[in-house]
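Before any comments, here is the structure.
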2 protein chains.
Amino acid sequence: MTTKRGSKGANGTKRMLDVLGALRERISRHELPPGSKLLEAELSAEFSVSRACIRDVFGVLSQRGLIRRIPQRGAVVERLDLSQVFEVYEVREALEGLCARLATIKMAPESWQDLVDLFGKPIEDDIERGDLEAYIVKLELLRRRTIEGAHNPVLADMIDNIQDRTRAIIRRIIVLPGRARIGLEEHRAVLRAMRQGDADAAEAAKRANIRSGAAYLKRYESFVL
Amino acid sequence: MTTKRGSKGANGTKRMLDVLGALRERISRHELPPGSKLLEAELSAEFSVSRACIRDVFGVLSQRGLIRRIPQRGAVVERLDLSQVFEVYEVREALEGLCARLATIKMAPESWQDLVDLFGKPIEDDIERGDLEAYIVKLELLRRRTIEGAHNPVLADMIDNIQDRTRAIIRRIIVLPGRARIGLEEHRAVLRAMRQGDADAAEAAKRANIRSGAAYLKRYESFVL
DNA sequence: AATAACATTCTTGCCAACATGATTGTTGAT
DNA sequence: ATCAACAATCATGTTGGCAAGAATGTTATT
């Protein structure tokens, strides 16, 4: 008396994408912190999908640099050491600088006005109140809108990949002494340039913003990592 | 009387990487041209590996944008339409510009002298003779050396990914009327800046070189795609 | 000839079983 | 207590089998 074998029907790809998204989220938020062990059989049971599906997900996650697969031992969430963080930041600077440039070129200057407004008094209030979660929500909106405005899916995917790897670190940088206020001024400079349709200035400002974050990280590295 | 089942032992990962490398090569050289169908069972037989191994490879290839998996129908080699080519070129400009900058910063200026020499008379001879294969070998050497000099594995992987997608197009651009000579001058400008340790100039020259290639593509698009 | 209904084919997605090899645990000898 | 030898455990990598659903092919009807 053996159980039926075979496919669970359509939507295999959807299931795989759901699992992938869930694991990406957990890894990037450090809910699955670096060093965590991931087992095919456990995840297969947890998500009610086949082991084959999990292996698919692992393939993607490893290609995105989020996990390392260890033959016969499972997979482990990658840990970025300090030098790797700076390597990722170098790439982040180039890609997000390009993103700001493309968004400025491809979108009408007026389309950024709502964000310019949002980054005025409302976000000042967030920082005054110490409500960094609200601040971060606004940063994420800016980031999303810039990516959308760039109209370049290849770039978007790469930036998302970088984001998956650095999200937890970025949060740690934002809470460092004085960082939120400095970061805000930098974001405003980016938005000003975009609002004026100045692609060179937007790119330069965004690159400066990323470098500034990296410098903050370097200054406080013993507190962050 | 059933055949034995089970693992073929160690080296599963190595087998997978070998197959992955082989398919990346075929796809990037258009030996498997865009639109080609890839079937798990066929490749499994061809490479003498399990279907699961091929599925692993497919996962990586699809994440790298080289193939698209179609549920129940196999996978197909992605075709870049013109707008996608330009999207990739935008990203390529940013990444290779960064690469030139980092290589200039991180390597001693003298370390580029052999390449400066190589891009003197020897490569002139290549172009005079119409020996574009030899020219391309030298370009590949420059590219490799720049990536190595940048000492950033994240960046290297991304640039390789872009290269996989654009390699065949790049070859088509190089043979366009007058392109090789113009390209050579641009590469020389990059090398000059690197030799002088001028990272800003190196980045700008490399970006200009990529943009120039894209402009050539736009001018001759009906001949290339 | 065109269309609808049905059958067949094709390939993936899934399940179960098992081989492999690395790691951990247990036992016996010194 | 320490070390070596052996056994057990663990998790992946592979194989064979099969369900599912989409596409293609065949047949019947108008």
Side-chain angles (χ1 to χ4, degrees), chain A residues 1-23 26-27 32 34-64 66-78, chain B residues 1-23 27 32 35-79:
Chain A
M1 171 65 183
T2 52
T3 319
K4 283 198 182 188
R5 299 176 176 176
S7 170
K8 279 187 180 171
N11 293 315
T13 298
K14 180 178 181 302
R15 278 192 291 268
M16 186 275 242
L17 290 177
D18 288 345
V19 176
L20 174 64
L23 287 181
R26 291 191 198 171
I27 290 169
L32 278 177
S36 303
K37 194 162 198 180
L38 305 178
L39 302 181
E40 295 178 3
E42 276 183 16
L43 293 172
S44 168
E46 179 187 339
F47 290 102
S48 299
V49 296
S50 67
R51 257 183 70 205
C53 177
I54 297 296
R55 293 174 62 84
D56 249 352
V57 170
F58 277 9
V60 175
L61 291 174
S62 67
Q63 173 60 33
R64 291 178 80 94
L66 296 180
I67 65 170
R68 187 172 70 254
R69 296 174 81 170
I70 305 174
Q72 295 165 347
R73 290 291 105 197
V76 86
V77 177
E78 283 278 23
Chain B
M1 169 66 180
T2 51
T3 319
K4 282 197 182 192
R5 297 175 177 178
S7 170
K8 280 189 181 170
N11 293 317
T13 299
K14 181 177 180 304
R15 279 191 292 270
M16 187 274 245
L17 290 177
D18 287 345
V19 176
L20 175 63
L23 288 181
I27 290 169
L32 279 177
S36 303
K37 194 165 202 178
L38 304 178
L39 302 180
E40 295 178 0
E42 277 184 13
L43 293 172
S44 170
E46 179 188 336
F47 289 102
S48 298
V49 294
S50 67
R51 257 184 71 205
C53 176
I54 296 295
R55 293 173 64 83
D56 250 353
V57 170
F58 277 9
V60 175
L61 290 174
S62 67
Q63 173 61 33
R64 291 177 80 94
L66 296 179
I67 66 171
R68 186 172 69 256
R69 297 174 81 170
I70 305 174
Q72 295 164 349
R73 290 291 104 197
V76 86
V77 176
E78 284 278 24
R79 184 187 307 277

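Below, chain A is the first sequence line, B the second, and so on; all start at residue 1.
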Selection from D:dT14, C:dT23, C:dT11 that lies nearest to any side-chain heavy atom of A:Arg73: C:dT23
Residue A:Ser50, side-chain atoms from C-beta onward, closest of D:dT15, C:dG13, C:dC14: C:dC14
Rounded distance (Å) that lies between atom P of C:dA22 and atom CD1 of A:Ile70: 13 Å
Atom pair distance, as rounded to whole Å: CZ in A:Arg55 and P in C:dT12: 16 Å
Within-4.5 Å side-chain heavy-atom neighbours: A:Val19 and A:Leu43: no
Proximity to the side chain of B:Cys53 - top-ranked nucleotide from C:dT12, D:dG13, D:dT14: D:dT14
Criterion side-chain contact (heavy atoms from CB on, under 4.5 Å) on B:Glu40 and B:Arg69, from CA distance to verdict: CA-CA 11 Å; B:Glu40 295 178 0; B:Arg69 297 174 81 170; 4.1 Å; yes
Residue B:Leu39, side-chain atoms from C-beta onward, closest of C:dT12, D:dT12, D:dT14: C:dT12
Value in whole Å for how far the C1' atom of C:dC14 lies from CE of A:Met16: 15 Å
B:Ile54 CD1 to D:dG13 P, straight-line distance once rounded to whole Å: 14 Å
Touch class at under 4.0 angstrom, heavy-atom based, for A:Arg51 against every strand present: base
Whole-Å distance separating the CZ atom of A:Phe58 from the C1' atom of D:dA11: 11 Å
Whole angstrom value for the distance that separates C1' of D:dG13 from CG of B:Leu20: 17 Å
Verdict with reasoning, B:Asp56 to A:Arg55, per side-chain contact (heavy atoms from CB on, under 4.5 Å): CA-CA 7 Å; B:Asp56 250 353; A:Arg55 293 174 62 84; 3.7 Å; yes
